[in-house]
Amino acid sequence: MISLSDISLIFQIAGLAIITTIFYTFLKQVGREEYGFLAVVVAIAIVLMQVVPVIRDLFRSVEEVFRIY
Amino acid sequence: MNIVQIVALGLLTTIIIVLLKQNNANTYALLLSTTAGVIIFVAMINKIGYVIQVFNDLARRANVNQFYLGTILKIVGIAYIAEFGAQVCKDAGESSIAGRIELAGKIFIMVLAMPIVAAVLESIIRLLP
């Protein structure tokens, strides 16, 4: 069942992506490009922390269903 | 859990990815497409489990050797995971890494298939006069 948490995960990632992109382009105008890049890296780290458990669940469920141990 | 939800999720993610790619946030686009792929498959996993359950019951009734069915299941699983990884790498434009992953998947599958090939050859040799 596609639960609500999955769909909110996608919206969360999309929102974070849009915010950091805008923040990066804004900082580039101001001339602080390296801080903008730092913000992008931090945002990607946050997104990865959310995505990696989902991928681990996928691999665990595939192993369980197909009995690959 | 019907097909409409899956298609809606896929289209929605695609639209967001196009938006992200437009103002060159490619890393997020890749992360989003991987997440959508994972979510759709995890949603389908119990259906696949049911199909495999039926296969097992039929095989047991037709007293096919359990080892062969297990190997086939493993091969399908390995093929799926390797294809998943290779597809994500291809989306990101890294077709060389995708090729390496597919090569590894093929080798794993060949290793798993060896006992079956040996058994087939043995039975053929036994048939010969």
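All of these numbers come straight from a predicted model, not from anything done at the bench. Keep in mind that the numbers below use all heavy atoms, side chains included, and drop hydrogens, waters and symmetry copies.
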Could you tell me which portion of Tyr24(A) (side chain, backbone, both or neither) has an atom closer than 4.5 angstrom to a non-hydrogen atom of chain B?
-> neither
Linking I/L/V/M/F/W/Y whenever their side-chain heavy atoms sit closer than 4.5 Å, directly or via other members, would Ile15(B) and Ile19(A) fall into one cluster?
-> no
Give me the other members of the hydrophobic cluster that Met49(A) sits in, counting Ile, Leu, Val, Met, Phe, Trp and Tyr linked by side-chain heavy atoms under 4.5 Å, directly or via other members.
-> none
With hydrophobic residues grouped by side-chain heavy-atom distances under 4.5 Å, do Ile97(B) and Leu30(B) end up in a single group?
-> no
Interatomic distance, CD1@Ile18(A) vs CG@Asn23(B), rounded to 0.5 Å, equals 7.5 Å
Tell me, side chain or backbone of Leu19(B) under 4.5 Å from chain A's heavy atoms, or both, or neither?
-> side chain
Heavy-atom distances under 4.5 Å only: say whether Val65(A) touches chain B with side chain, backbone, both or neither.
-> both
Could you state whether Leu69(B) and Ile116(B) fall into the same hydrophobic cluster, counting links through intermediate Ile, Leu, Val, Met, Phe, Trp or Tyr residues with side-chain heavy atoms under 4.5 angstrom apart?
-> no
Cluster link Met44(B) to Ile81(B), ILVMFWY, side chain under 4.5 Å | yes
Atom group of Val47(A) that falls short of 4.5 Å from chain B, counting heavy atoms | side chain
Value for CD1 (Ile52(B)) from CZ (Arg67(A)), rounded to nearest 0.5 Å, stands at 7.0 Å
If one checks every heavy atom of Ile22(A) against chain B at 4.5 Å, the contacting part turns out to be neither
Go through the side-chain N and O atoms of Tyr28(B) and Thr20(A) and say whether any donor and acceptor fall under 3.5 Å apart.
-> yes
Which residue pairs pass the salt bridge (charged side-chain N to carboxylate O under 4.0 Å, His left out) test with at least one member in residues 31-56 of chain A, sequence neighbours excluded?
-> none
All heavy atoms of Leu20(B) vs all of Ala17(A), minimum pair found to be CD2-CB, 3.6 Å
Got a sec: does the CZ of Phe23(A) have more than 12 other heavy atoms crowding it under 6.0 Å?
-> no
Quick one: does Ile48(B)'s side chain get under 4.5 Å of Phe66(A)'s, heavy atoms only?
-> yes
Heavy atoms from other residues, nucleotides or ligands near CZ of Phe41(B) exceed 12 (cutoff 6.0 Å) | yes
Is it possible for you to say whether Ile46(A) and Val38(B) belong to one hydrophobic cluster, with membership spreading through side-chain heavy-atom contacts below 4.5 Å?
-> yes
State the OG1-CG distance between Thr27(B) and Leu48(A), to the nearest 0.5 angstrom.
-> 9.5 Å
Mark yes when over 12 heavy atoms from residues, nucleotides or ligands other than Phe59(A) sit less than 6.0 Å from its CZ; otherwise mark no.
-> yes
Rounded to the nearest 0.5 Å, how far apart are CD1 of Ile10(A) and CD1 of Ile16(B)?
-> 7.0 Å
May I ask you to test the Thr34(B)-Ile55(A) pair for a side-chain heavy-atom distance under 4.5 Å?
-> yes
Interface residue of largest heavy-atom contact number with chain B, from Asp57(A), Leu16(A), Ile13(A), under 4.5 Å | Ile13(A)
Is the number of heavy atoms from other residues, nucleotides or ligands under 6.0 Å of Tyr35(A) OH greater than 12?
-> no
Which bit of Thr21(A) is near chain B, if near means a heavy-atom gap under 4.5 Å: side chain, backbone, both or neither?
-> side chain
dist Leu31(B):CG -> Ile44(A):CD1 (nearest 0.5 Å) comes out at 7.0 Å
Relative to chain A, which segment of Ile78(B) carries a heavy atom at a distance below 4.5 Å: side chain, backbone, both, or neither?
-> both
